[in-house]
Amino acid sequence: MKPVSLRSFAKINLGLCIGPVRRDGFHELRTVYQTIALHDVVHITLGRGRGIELRCSDPRVPRDQSNTCWRMAEKMLQALKLKNRVVIEIEKRLPVQGGLGGASGNAAATLLGLERAAGKQLRPEDRLAIAAEVGSDVPLFLIGGTVMGVGRGEEVYPLPDLPAIPMVVATPEVGVATPHAFAEWDRWTAKEYGELTAEQASDRLKRFGSRVSTLLSVGSTLSGAPARGGSRVGSLLLDLVRTGIENDFERVVFPEYPELRDLKQALRRAGSIYASLSGSGSALYGLFRTKEDAKNAAARIVSSGTPAQATVTLGRGQLRKKTFLAG
Ligand code: C5P
């Protein structure tokens, strides 16, 4: 059968607030996910026979059950009642362990690709449930655009889409393992606060929620009109800075990898209005007023020796339109 080919887009986190460890070992969190135009390409083929085969020329991508795509394919074969062989080919362009949701996006693409190849669709709530079983960051890709993430990140709510924001993604060679970053966060909070009381922890989460709410309720974000003259994106970015939304992972990842803190400073110096680590890193991003600013900044970061690309945030409608490649 002919493969179904899809773009598997990346995400960034506009702020990420880590709460207490839950009984299941995961951390309660709040974050705003934003899909962006950078992507991998995934090809899904359903054929005769049985078994799952993963192909990827990047040696850092596992080709066994530990790959999120493999786990997704197993669950989808069962959910769609298919008795087929599945071949998943990943053209890796996004960094591995980069905090851009590359592996999670690949898993979401596998879900959508298998549905298309089989000519069957799950109910939206069943899709989201399967995505959540595969990984905390998978469901967001089934929504796309600007998305509120709560619970362990898997409980997703579409937010009103922000306008397309020019940006730079810098991808240092180092990889940061998310479970390690969470463990470091636990060590850091224990040292900083002693034991965080349940009340203190939930206050932090509430504060993050009200900051997001403030951001979304100010004029420039949703009305389409710039708040104080200047461009709409410019006003939105100033509002974002003003809310003080941050990524908690920076507190533990920057001391361990000081070069990432330096890179955030470099993005600021190159003119970004808002810069941050994405997820647990190691990718950093900077948001800019104009495409020209982003292009110039990317060139500066590259010339200082770190791979970087100018891109743009991707809204929900655009993501849906661009996911399937004509085959
Ligand atoms: O859900 P996912 O498989 O992406 O999570 C990977 C690991 O990250 C988990 O096993 C857990 O150690 C950690 N994690 C966490 N709290 C979250 C999400 C992930 O502790 N909210």
Side-chain angles (χ1 to χ4, degrees), residues 8-35 40 54 60-62 64-76 90 94-111 127-143 147-157 174-190 193 195-196 198 201-202 204-206 208-209 212 245-253 256 276-283:
S8 163
F9 291 101
K11 61 85 180 162
I12 54 171
N13 298 80
L14 299 173
L16 191 156
C17 181
I18 309 173
V21 185
R22 315 187 319 184
R23 280 210 197 115
D24 61 6
F26 284 86
H27 293 71
E28 183 67 26
L29 59 79
R30 302 282 181 272
T31 188
V32 176
Y33 298 111
Q34 173 65 55
T35 48
D40 291 333
L54 257 160
R60 296 166 305 170
V61 174
D64 59 13
Q65 289 94 324
S66 66
N67 190 304
T68 50
C69 294
W70 183 296
R71 297 208 301 277
M72 179 61 84
E74 262 186 333
K75 287 181 190 294
M76 287 300 287
I90 305 169
L94 299 170
V96 176
Q97 291 193 328
L100 297 174
S104 301
N106 293 167
T110 301
L111 183 157
R127 276 178 169 180
L128 285 170
I130 288 180
E133 283 172 25
V134 172
S136 306
D137 278 358
V138 182
L140 83 99
F141 290 105
L142 298 179
I143 308 276
V147 181
M148 183 80 195
V150 311
R152 58 182 166 86
E154 94 292 9
E155 205 183 312
V156 284
Y157 300 94
V174 34
V176 178
T178 303
H180 170 75
F182 274 113
E184 284 301 310
W185 172 261
D186 293 340
R187 257 192 288 280
W188 183 80
T189 43
Y193 298 106
E195 195 70 13
L196 257 188
S202 95
R204 293 185 77 254
L205 295 177
K206 272 190 209 148
F208 183 84
V212 172
I245 287 173
E246 286 181 345
N247 180 346
D248 279 344
F249 277 122
E250 289 186 356
R251 289 193 195 261
V252 289
V253 173
E256 196 170 347
S276 173
L277 189 71
S278 185
S280 58
S282 61

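Counting convention: from 1, in listed order, for ligands and their atoms alike.
- In this structure, the side chains of Val21 and Phe26 stay at 4.5 Å or more apart for every pair of heavy atoms.
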Could you list, one pair per line, each nitrogen or oxygen of ligand 1 together with any protein nitrogen or oxygen closer than 3.5 Å, giving atom names and the distance rounded to 0.1 Å?
| residue | atom | partner | partner atom | Å |
| --- | --- | --- | --- | --- |
| ligand 1 | 1 (O) | Ser136 | N | 2.9 |
| ligand 1 | 1 (O) | Ser136 | OG | 2.5 |
| ligand 1 | 16 (N) | His27 | N | 2.8 |
| ligand 1 | 20 (O) | His27 | ND1 | 2.7 |
| ligand 1 | 21 (N) | His27 | O | 2.8 |
| ligand 1 | 21 (N) | Arg152 | O | 3.0 |

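- Applying the salt bridge (Lys or Arg N to Asp or Glu O under 4.0 Å) test to Arg127 and every residue at least two apart in sequence or in another chain returns Glu115.
- A donor-acceptor pair is defined here as one N or O able to donate and one able to accept, closer than 3.5 Å; such a pair exists between the side chain of Lys11 and the backbone of Gly99.
- Between Arg71 and Glu74 no salt bridge is recorded (no basic side-chain N to carboxylate O distance below 4.0 Å).
- Thr178 contributes atom OG1, which lies 6.5 Å from atom CZ of Phe249 (distance to the nearest 0.5 angstrom).
- Between the side chain of Arg204 and the backbone N or O of Ile18 there is at least one donor-acceptor pair closer than 3.5 Å.
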